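Predicted, not measured: the structure shown is a model, and the values here were computed from it. So you know, we letter chains A, B, ... as the sequences are listed, proteins then strands, and number each from 1.
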Amino acid sequence: MAVVVRFAPSPTGVLHIGSVRTALFNWLYARHNGGKFLLRIEDTDKLRSTEENAQSILRILKWLQLDWDGEPVIQSSCVERHKEVAHNLVKEGRAYFCNCSPEELALKKEAAIKDGKSYKYDGKCRENTTNYIEGKSVIRLRSDLTGATTLNDLVQGGIITENSQLDDLVLLRSDGTPTYMLSVVVDDHDMDITHVIRGDDHLTNTFRQIQIYQACGWNIPNFGHIPLIYGPDGAKLSKRHGAASAQDYIDLGYLSEAIFNYLLRLGWSHGDEEIIGRKDAVEWFDICDVGQSPARFDMAKLQNLNAHYMKARDNDSILECMKPFLKRELSDIQAQRIIRGMDSLKARAKTLVDLAESSLIYVTEPDGFDEGCVKYLMPENIDLLKDMIEIIQNSESIQQDSLLESAKSLANKNGVKLVEVAQALRSALCGRLVSPSVFEIIEILGKDETIHRIRRFISMDM
RNA sequence: GUCUCCUUCGUCUAGGGGUCUAGGACACCGCCCUUUCACGGCGGCAACACGGGUUCAAAUCCCGUAGGAGAUGCCA
């Protein structure tokens with residue numbers, strides 16, 4: 001049987017990082033099995049859905065290279081079909097018109113809670129298949145409330161639920177629009193979905209949906225419910241934990257391959273493998289291997305992975321990725337400097353934000369000096385810097401190895417350690433005490449810029 | 001409240017009855033490398049939630065307990 005899966009986000013907000021993982025697992029499952037990965041935009045909540053959100057979801061899937069097959073299905077365009085299915089169900093006696101008002105129901109619910117009982121619709125209108133009141137009636141499924149339903153979940157295993165736990169769910173609202181429960185089932189059936197892989201939060205809904213499948217006389221697809229992603233405190237990951245949307249992580253300076261690898265390893269593993277690229281992921285992934293327990297999001301591990309993938313990228317492509325974080329245009333000479341210094345820069349950065357920040361040394365002279373730099377404006381340090389200016393000026397080549405040797409002998413001559421010379425230079429050139437090798441920086445900056453920055457530093461009054 | 005699911009180092013996980021004095025990775029700590037900070041190398045700390053069974057043998061199977069999460073909408 002050919003595998004057909006789908007990712008069905010609703011464009012009522014930004015794409016949650018947990019949804020991205022759901023998309024990833026669906027995509028991997030499809031690609032691993034040579035099946036199809038379809039997309040469905042669930043925009044039936046017209047009030048909250050926006051075109052902008054829909055576009056941003058597509059953009060993020062593209063960013064992660066989770067390519068989908070065919071055109072996305074827009075759920076709102078299937079509404080007539082959903083209605084038709086609901087009304088047919090009434091005709092067949094599998095559903096009915098319920099004329100109970102929301103107020104009436106709310107009262108019953110309140111009473112049930114007061115009695116400490118769980119509320120379920122009492123089936124008052126169960127026999128009504130004829131009296132449809134426009135604008136008032138809803139269509140409810142006549143659920144089978146006897147026996148039990150068994151779900152063989154691909155991730156969670158066998159789960160049995162007593163049907164008596166269910167009640168007659170609403171299929172069509174009083175305004176005539178279909179509910180989510182109906183829409184998903186109809187669309188998944190119409191799209192020939194064979195495997196529904198989705199978040200754990202839908203697990204209990206699945207038993208209701210199975211009843212809809214049965215009422216329609218349709219084949220029930222396979223289900224796989226993947227655990228939700230938690231924040232560091234063990235609650236569902238959300239905005240209050242900081243970054244929760246995919247866009248948040250893009251803005252934080254993470255590479256798509258780092259996100260891909262991190263999300264994949266969250267709840268899934270392949271022996272001791274940690275660094276897993278797309279090719280191996282497709283080859284190794286199986287939904288059955290996804291863990292049953294929820295995982296907490298660990299930013300430190302993501303950062304580690306991101307650092308790895310930044311080093312793995314070639315310098316030109318990493319510069320392109322970093323540009324948006326620079327928030328300024330680069331001249332050719334600035335770009336060339338950054339490229340030359342990139343190997344050293346990359347080794348020190350966890351994110352593109354870090355990288356952009358540290359690359360600034362090749363873009364402009366320091367626009368401020370860290371507190372610790374002041375020390376290097378003491379007379380004896382200024383003398384060292386003046387000597388360095390002379391050395392640099394008189395050097396035929398400012399190749400970093402020879403500069404290092406010169407600095408060593410200068411330090412020696414003055415009875416100080418090399419670190420004194422290096423930190424004085426670092427202060428002058430970078431305005432801070434942390435950077436790649438100062439001699440590398442000098443080599444890349446060139447004689448003129450280096451001497452300019454040192455003189456500027458010496459003349460500073462701090 | 002009711003129903004459902006989950007529970008191995010701080011975190012992600014390996015483990016599917018004996019090979020477990022429980023393995024890997026991140027984080028953390030120490031050492032080495034070193035002009036700073038990183039990178040890298042080496043080493044260390046650290047876990048089977050608890051209680052009962054089953055078995056010659058249990059992290060692994062079963063049952064409870066506790067804790068956590070989700071669902072219980074005319075939201076999706």
Side-chain angles (χ1 to χ4, degrees), chain A residues 8-10 12-13 42-45 47-49 75 98 100-102 105 109 112-113 115-120 137-140 151 153 155-157 159-162 164-167 169-181 183-184 199-208 225 227-228 230 232 234-236 262 265-275 291-305 307 311 343-350 358 372 404 407-408 411 417-427 430 432-439:
Chain A
S10 101
T12 51
E42 305 209 323
D43 62 340
T44 48
D45 185 343
L47 246 52
R48 294 191 296 147
S49 298
Q75 190 164 62
C98 170
C100 299
S101 70
L105 264 18
K109 184 173 185 177
I113 291 170
D115 287 359
K117 287 186 227 157
S118 66
Y119 170 77
K120 287 198 287 282
S137 299
V138 302
I139 293 181
R140 283 185 188 269
L151 169 67
D153 194 271
V155 176
Q156 306 291 344
I159 302 165
I160 301 170
T161 290
E162 297 292 328
S164 58
Q165 292 302 321
L166 275 26
D167 66 356
L169 76 226
V170 173
L171 262 18
L172 225 56
R173 301 186 188 99
S174 53
D175 66 359
T177 61
T179 59
Y180 163 77
M181 290 292 175
S183 302
V184 242
D200 215 338
D201 46 343
H202 290 289
L203 189 57
T204 49
N205 282 337
T206 304
F207 293 90
R208 298 171 187 283
H225 288 93
L228 266 21
Y230 288 177
K236 193 171 161 181
Y262 180 72
R265 269 294 280 105
L266 203 58
W268 177 88
S269 63
H270 184 78
D272 286 342
E273 301 290 340
E274 294 289 344
I275 303 296
Q292 292 162 267
S293 55
R296 298 181 188 210
F297 200 95
D298 181 8
M299 198 71 99
K301 190 147 183 172
L302 209 210
Q303 288 197 343
N304 176 272
L305 241 20
K311 280 174 219 137
D343 284 339
S344 304
L345 257 17
K346 279 198 302 194
R348 290 164 172 77
K350 297 277 190 211
S358 60
L404 172 62
K408 272 182 184 166
K417 290 187 168 165
L418 177 61
V419 63
E420 293 298 315
V421 179
Q423 289 299 63
L425 282 168
R426 200 170 336 258
S427 297
C430 310
R432 59 177 67 170
L433 297 173
V434 171
S435 81
S437 161
V438 277
F439 305 109

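A donor N or O paired with an acceptor N or O is found under 3.5 Å between the base of B/rC74 and the side-chain atoms of A/Ser174. If you check distances only, the side chain of A/Arg348 does reach the base of B/rC37 with a donor-acceptor pair under 3.5 Å. Under 3.5 Å, the side chain of A/Ser437 and the base of B/rU35 form at least one donor-acceptor pair of N or O atoms. Not a single donor-acceptor contact under 3.5 angstrom links the side-chain atoms of A/Arg432 to the base of B/rU36.
For the atom pair CD (A/Glu42) and OG (A/Ser49), the distance works out to 9.5 Å, reported to the nearest 0.5 Å. Between A/Leu302 atom CG and A/Tyr262 atom OH the span is 6.0 Å, to the nearest 0.5 Å.
Separating the C1' atom of B/rG44 from that of B/rU35 is a span of 29 Å, rounded to the nearest Å. Comparing the C1' positions of B/rC75 and B/rA59 gives an interatomic distance of 41 Å, to the nearest angstrom. Comparing the P positions of B/rA47 and B/rG23 gives an interatomic distance of 11 Å, to the nearest angstrom. One C1' atom belongs to B/rC12, the other to B/rG17, and the distance between them is 26 Å to the nearest Å. Nucleotides B/rG68 and B/rA76, compared at atom P, are 31 Å apart to the nearest Å. Rounded to whole Å, the separation between the P atoms of B/rA27 and B/rC50 comes to 29 Å. Rounded to the nearest Å, the gap between the P atom of B/rC28 and that of B/rU34 is 23 Å. Taking atom P in both B/rU2 and B/rC48, the straight-line distance is 31 Å, to the nearest Å.
Counting any heavy atom pair closer than 4.0 Å across all strands shown, A/Pro294 reaches sugar-phosphate atoms only and no base atom. Looking at heavy-atom distances under 4.0 Å, A/Lys236 makes contact with sugar-phosphate atoms alone, never a base. No engagement by A/Gly291 is indicated, since no non-hydrogen atom pair under 4.0 Å with the nucleic acid exists. Residue contacts shown for A/Cys100 include a base, since a base heavy atom lies under 4.0 Å away. Residue A/Thr12 is classed as having no contact, given no heavy-atom separation below 4.0 Å to the nucleic acid. Counting non-hydrogen atoms under 4.0 angstrom, A/Asn205 reaches a base of the nucleic acid. Base engagement by A/Phe439 is indicated by at least one non-hydrogen atom pair under 4.0 Å involving a base atom. In this structure, A/Val419 reaches the sugar-phosphate backbone alone: every heavy-atom distance under 4.0 Å involves primed, P, OP1 or OP2 atoms, never a base. Contact annotation for A/Ile159: backbone-only contact, meaning every heavy-atom pair under 4.0 Å involves sugar-phosphate atoms and none involves a base. Among the protein residues, A/Ser10 comes within range of the sugar-phosphate backbone only, with heavy atoms under 4.0 Å from sugar or phosphate atoms but none that close to a base. At a threshold of 4.0 angstrom between heavy atoms, the contacts of A/Arg296 are confined to the sugar-phosphate backbone, with no base atom among them. A/Val138 comes within 4.0 angstrom of a nucleotide base, judged by non-hydrogen atoms across all strands. Among the atoms of the strands shown, none is found under 4.0 Å from any heavy atom of A/His225. In this structure, A/Lys417 reaches neither bases nor backbone, as no heavy-atom distance under 4.0 Å exists between it and the strands shown.
Pairing partner, B/rU54: none, since no Watson-Crick or wobble contact has both distances short of 3.5 Å. The pairing partner recorded for B/rA66 is B/rU7, the criterion being a Watson-Crick or G-U wobble arrangement whose two distances lie under 3.5 angstrom.
When the nucleotides B/rA71, B/rU11, B/rU13 are ranked by their closest atom to the side chain of A/Thr204, B/rA71 comes out on top. Among the nucleotides B/rU35, B/rA25, B/rU7, the one closest to any side-chain atom of A/Ser293 is B/rU7. Side-chain atoms of A/Val170 lie closest to B/rC74 of the nucleotides B/rA76, B/rC74, B/rC12.
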Candidate pair A/Arg140 and A/Asp167, rule salt bridge (Lys or Arg N to Asp or Glu O under 4.0 Å), full reasoning: CA-CA 9 Å; A/Arg140 283 185 188 269; A/Asp167 66 356; 5.3 Å; no
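Listed pair A/Lys301 / B/rU13 fails the phosphate criterion, with no side-chain N or O lying under 4.0 Å from OP1 or OP2. Considering only side-chain N and O atoms, A/Ser269 lies under 4.0 angstrom from the phosphate OP1 or OP2 of B/rA14. Under 4.0 angstrom from either OP1 or OP2 of B/rC6 there lies at least one side-chain N or O belonging to A/Gln292. Note on A/Asn304: a side-chain N or O is less than 4.0 Å away from OP1 or OP2 of B/rA27.
No side-chain heavy atom of A/Val138 sits less than 4.5 Å from a side-chain heavy atom of A/Leu172. Between A/Pro232 and A/Met299 the shortest side-chain heavy-atom distance does not fall below 4.5 Å. A/Leu203 has its side chain within reach of A/Asp153: a pair of non-hydrogen atoms, C-beta onward, lies under 4.5 Å apart.
A/Asp343 has no carboxylate O lying under 4.0 Å from a charged side-chain N of A/Lys311, or vice versa, which leaves the two without a salt bridge.
Checked against a 6.0 Å centroid threshold, the rings of A/His202 and A/Tyr180 count as neighbours.
Mapped onto RNA chain B by nearest heavy atom, A/Thr161 and A/Arg173 fall at different nucleotides, with A/Thr161 at the one closer to the 5' end. Mapping A/Leu418 and A/Leu172 onto RNA chain B by nearest heavy atom places A/Leu418 at the nucleotide closer to the 5' end.
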